[in-house]
Amino acid sequence: MLKRTRNCGQLRLEDSGLKVVLAGWVNSYRDHGNLVFIDLRDREGLTQIVFNPETQPEVHKIARTIRCEWVIAIEGIVEPRSEGMENPKLGTGAIEVAVEKLEILNKAKTPPFELDNADKTAEETRLAYRYIDLRRPVMQKKLKVRHKVTMLARDYFDKLGFWEIETPMLGKSTPEGARDFLVPSRLVPNTFYALPQSPQLFKQILMVSDIEKYFQIVRCFRDEDPRADRQAEFTQIDVEMSFVEPDDIITIHETLVAKIWKEILVVDVKLPMRRMTYQEAMRDYGIDRPDLRFDMKLKDISDIAKQTAFKVFTSAIEKGGIVKGLCAPAGEKYSRSDIEKTLTNFVMDYGAKGLAWAKVKAEDGKLSLLGGSAKFFSPEQAKQLLERFNAKADDLLLFVADQEAAANKALAPLRCKLGRELKLYEEGRFEFLWVVDFPLFEWNEDEKRYDSLHHPFTAPIDEDLAKLETDPAHIRSKAYDIVLNGSEIGGGSIRIHNMKTQQKVFDLLNISRKQAQERFGFFLNALEYGAPPHGGIALGLDRMVMILTGTENIRDVIAFPKTQRGQCLLTEAPSEVDLKQLNELNLRVQKHSQIIDEIPGEKQQ
RNA sequence: GGGGCCGUAGCUCAAUUGGUUAGAGCGUCGGACUGUCGAUCCGAAGGUUGAGGGUUCGAGCCCCUUCGGCCUCGCCA
């Protein structure tokens with residue numbers, strides 16, 4: 001076999017005269033009857049190779065039989081292209097290689113889609129032939145960025161004295177949080193492992209073991225329905241440290257993130273990153289991960305709304321709700337039908353009961369409200385509204401009247417939609433933010449108990465500790481989320497390292513002593529054997545790479561992703577298994593049980 | 001579990017109100033061609049309209065069921 005000496009993206013004019021060996025895939029071939037040109041591709045680029053019938057008649061003859069995506073190796077001389085024949089689109093466009101020897105390493109069937117048109121090809125087809133899809137430079141670039149991010153992280157943590165330690169993939173199922181993927185145990189019949197939703201408890205236990213600084217680039221599993229930015233199997237850059245406060249974790253990780261942005265995008269991220277309390281985020285943006293690329297804050301207008309004659313507003317407030325809204329700059333481009341159909345349906349998808357609106361018009365230099373709910377506002381009320389939003393002519397005011405949480409839930413996505421559609425920010429902007437001071441709990445009305453906002457091991461802020469007894473709803477936690485352009489790219493907290501506090505939290509979560517022992521007994525025990533104060537974070541690798549590579553699709557940054565039904569179209573997983581395998585695991589699937597039920601007395605297999 | 005969009009040649013799409021033999025571009029195959037670079041020119045092959053059922057004289061189109069993909073609400077401590 002010809003051993004390659006150069007890659008296909010490497011050769012330049014100054015290499016002229018060199019004898020080289022290249023190997024790769026045939027990207028395209030152009031047969032002129034006389035000369036044959038092939039663009040040879042490897043992951044580094046394209047190089048044009050030429051077969052000349054006059055100098056190499058035998059090789060030329062074989063070259064004419066070559067087809068796209070065949071794998072070949074060639075030996076030849078690097079030659080400068082003659083005047084006007086250079087290809088400025090290629091890095092190697094100043095030269096070509098005149099082939100002297102050709103080896104066909106492998107033929108290839110015609111690909112099911114053309115690499116050049118793959119961006120227009122159904123994703124289904126691309127996933128079924130992922131090995132071809134991943135040959136495309138755009139896909140390779142994404143995988144390369146992902147590789148670079150993990151290498152940067154590993155190098156960064158190593159230099160700071162962190163150790164990368166693996167934690168088990170076969171773990172213990174806990175009913176909290178997301179649905180677990182279960183793995184049956186063969187050696188202990190009728191029992192199951194769970195794949196980790198995160199290495200949370202293990203990394204905390206490592207702190208008890210005085211590992212002090214741990215990190216891991218680790219796969220996590222949550223058996224919930226996927227989304228465009230969510231996959232059942234995903235990767236976290238997982239970190240835990242001892243003897244730290246939130247500031248320590250925040251500083252270390254914003255520095256890492258800034259380094260990643262600098263190295264990969266050559267973008268300078270201003271440090272320290274902005275911080276915002278949860279309260280402020282919810283008040284101004286209706287969500288704990290605000291997109292700060294544009295302003296357009298939400299405003300509570302309940303005080304004005306309750307004075308109006310608009311029943312929708314007044315009755316919502318009477319029921320303890322609020323009226324909250326936003327002012328879309330130049331939003332008058334939305335027609336009445338856009339607002340009352342498209343935008344209203346949009347907020348209703350998020351549970352809003354409706355969308356009130358009014359347009360801001362200028363008459364003789366004076367602003368007034370027009371259309372929609374405008375008629376319900378007195379001139380004085382209208383004036384107050386316009387002032388509150390600092391509204392300008394041709395703006396559009398939109399309101400939702402509901403319980404506060406429900407109003408936020410609808411307005412936050414509406415704000416993002418409007419920001420995008422009204423082009424309130426330019427692409428390529430990165431607005432980082434730490435959201436801090438999360439509540440420790442939220443009240444779960446259905447279950448009549450508190451739920452952890454973060455997870456049950458999150459520590460309360462010291463000055464709020466006393467509220468564990470008196471006012472759990474208003475305890476703030478030492479949790480922090482890092483948010484970028486409205487996307488949560490990481491989150492963590494300082495943990496409870498004191499068994500008593502941990503027990504108290506379980507009580508409020510309505511987890512009984514017995515349940516706590518069953519589920520987390522090993523962990524609670526560990527806390528009693530000298531657990532240091534500790535905390536950590538997990539950065540979402542997939543989401544970071546998505547933003548770094550400018551894709552909205554998480555499948556683009558995963559080499560072998562799954563579909564919305566959790567299937568791998570390449571391997572056709574998941575699949576049925578042999579009865580023998582099931583028997584070894586002491587398992588019977590419902591299909592078999594039904595057969596047995598239907599044929600009583602039939603001998604069981 | 002709910003809502004929405006989609007499925008026609010290998011790929012991307014078209015096909016009038018339900019009406020003749022389902023078309024085009026790219027790709028593929030064959031041929032031509034002295035320097036191309038998304039080569040060009042000539043020619044050819046290629047279809048169970050995702051699957052099953054129904055309505056109809058007649059279905060790619062209408063109805064039902066089903067499979068699959070994407071987006072989304074719920075879900076994701």
Problem set entry | Any N/O donor-acceptor pair, Gln567(A) side-chain to G68(B) base, under 3.5 Å | no
Exercise. Does the side chain of Asp42(A) come under 3.5 Å of the side chain of Asn7(A) through a donor N or O and an acceptor N or O?
Worked result: no
Exercise. Taking only residues two or more places apart in sequence, or in another chain, which ones meet Thr235(A) in a side-chain contact (heavy atoms from CB on, under 4.5 Å)?
Worked result: Arg146(A), Ile217(A), Arg219(A), Leu541(A), Asp542(A)
For this session: Sequence neighbours left out, what passes side-chain contact (heavy atoms from CB on, under 4.5 Å) with Leu18(A)? Give chain and number order.
Result: Arg6(A), Asp15(A), Val20(A), Val78(A)
Exercise. Any Lys/Arg nitrogen of Arg126(A) or Asp556(A) sitting under 4.0 Å from an Asp/Glu carboxylate oxygen of the other?
Worked result: yes
Problem set entry | d(CG, Asn87(A); C1', C37(B)) in whole Å | 5 Å
For this session: For G60(B) versus U55(B), give the span between their P atoms, rounded off to a whole number of Å.
Result: 16 Å
Problem set entry | Residues within residues 474-490 of chain A bordering RNA chain B, heavy-atom distance below 4.0 Å | none
Exercise. If each of Gln48(A) and Ser28(A) is mapped to the nucleotide of RNA chain B with the nearest heavy atom, which maps nearer the 5' terminus, i.e. the 5' end?
Worked result: Gln48(A)
Problem set entry | A24(B) and G31(B), which share atom name C1', separated by this distance in whole Å | 23 Å
For this session: Name the nucleic acid region contacted by Asp31(A), choosing base, sugar-phosphate or nothing; use a 4.0 angstrom heavy-atom cut-off, strictly under.
Result: base
Exercise. Counting only non-hydrogen atoms, which of residues 68-81 of chain A are less than 4.0 Å from RNA chain B?
Worked result: Arg81(A)
For this session: Between G69(B), C37(B), C26(B), spot the one nearest the side chain of Asn117(A), thanks.
Result: C26(B)
For this session: Measure the distance from CE on Met348(A) to C1' on G2(B) and round it to the nearest whole Å.
Result: 15 Å
Exercise. Can you tell me how far P of G25(B) sits from CD of Glu114(A), to the nearest Å?
Worked result: 14 Å
Exercise. Using atom C1' of each nucleotide, how far apart are U8(B) and C61(B) to the nearest Å?
Worked result: 11 Å
For this session: To the nearest Å, give me how far apart CD1 (Ile132(A)) and P (G10(B)) are.
Result: 15 Å
For this session: For the pair Arg289(A) and Glu488(A), find out whether any cationic side-chain nitrogen is under 4.0 Å from an anionic carboxylate oxygen.
Result: no
Exercise. Are Phe520(A) and Phe457(A) near enough that their ring centres are under 6.0 Å apart?
Worked result: yes
Exercise. Rounded to whole angstrom units, what separation is found between the NZ atom of Lys120(A) and the P atom of C13(B)?
Worked result: 9 Å
Problem set entry | Electrostatic pair Lys478(A)-Asp437(A), nearest N-O below 4.0 angstrom | no
Problem set entry | Residues in contact with RNA chain B, drawn from residues 37-47 of chain A - heavy-atom cutoff 4.0 Å | Phe37(A), Asp39(A)
Exercise. Within this structure, what is the NZ-to-C1' distance between Lys89(A) and G38(B), rounded to whole angstrom?
Worked result: 7 Å
Problem set entry | Nearest-neighbour nucleotide for the Met85(A) side chain, C33(B), G27(B), U36(B) considered | U36(B)
Exercise. Using the ring of each side chain (for Trp, its six-membered ring), is Tyr129(A) parallel, tilted or perpendicular to Tyr131(A), with breaks at 30° and 60°?
Worked result: perpendicular
Problem set entry | P atoms of U66(B) and G4(B), separation to the nearest Å | 15 Å
Problem set entry | Quiz item: cation-pi between Lys324(A) and Phe399(A), 6.0 Å / 45° | no
Exercise. Can you list the steps and then say if Glu224(A) with Arg230(A) is a salt bridge (Lys or Arg N to Asp or Glu O under 4.0 Å)?
Worked result: CA-CA 9 Å; Glu224(A) 301 293 347; Arg230(A) 226 165 69 189; over 6 Å; no
For this session: Remember a base hit wins even if backbone is also touched, and classify Arg449(A) as base, sugar-phosphate or nothing at under 4.0 Å, heavy atoms.
Result: nothing
For this session: Round to the nearest Å and state the distance from Asp116(A) atom CG to C37(B) atom C1'.
Result: 12 Å
For this session: Starting at the 5' end of nucleotides 71-77 of chain B, put B wherever the base has a protein heavy atom under 4.0 Å, S where only the sugar-phosphate does, and a dash everywhere else.
Result: BBBBBBB
Exercise. Should the pair Glu69(A)-Lys109(A) be classified as a salt bridge under the 4.0 Å nitrogen-to-oxygen rule?
Worked result: no
Exercise. Does G25(B) pair with anything, Watson-Crick or G-U wobble, both distances under 3.5 Å, and if so, with which nucleotide?
Worked result: C11(B)
Exercise. How about Phe192(A): does its CZ atom have over 12 heavy atoms from other parts shown lying under 6.0 Å from it?
Worked result: yes
For this session: Identify, between Asn52(A) and Arg67(A), the residue whose nearest nucleotide on RNA chain B lies closer to the 5' end.
Result: Arg67(A)
Problem set entry | Atom C1', compared across G38(B) and G52(B): separation rounded to whole Å | 42 Å
Problem set entry | C1' atoms of U65(B) and G25(B), separation to the nearest Å | 36 Å
Exercise. More than 12 heavy atoms of other residues, nucleotides or ligands under 6.0 Å from CD of Glu340(A): is that the case?
Worked result: yes
For this session: Could you measure between the two C1' atoms, the one in C64(B) and the one in A59(B), and give it in whole Å?
Result: 15 Å
Exercise. What is the ring orientation for Trp434(A) with Tyr480(A), classed by angle as parallel under 30°, tilted 30 to 60°, or perpendicular over 60°?
Worked result: perpendicular
Problem set entry | Whole-Å distance separating the CG atom of Leu90(A) from the C1' atom of U36(B) | 12 Å
Seminar exercise, completed: Taking a pair to mean Watson-Crick or G-U wobble geometry with both distances below 3.5 Å, C5(B) pairs with G69(B)
Problem set entry | Salt-bridge present (Arg136(A), Asp133(A); N to O < 4.0 Å) | yes
For this session: Rounded to whole angstrom, note down the C1' distance from C41(B) over to U20(B).
Result: 34 Å
Exercise. When you check the gap from the basic side-chain N to the acidic O, do Arg449(A) and Glu442(A) get nearer than 4.0 Å?
Worked result: no
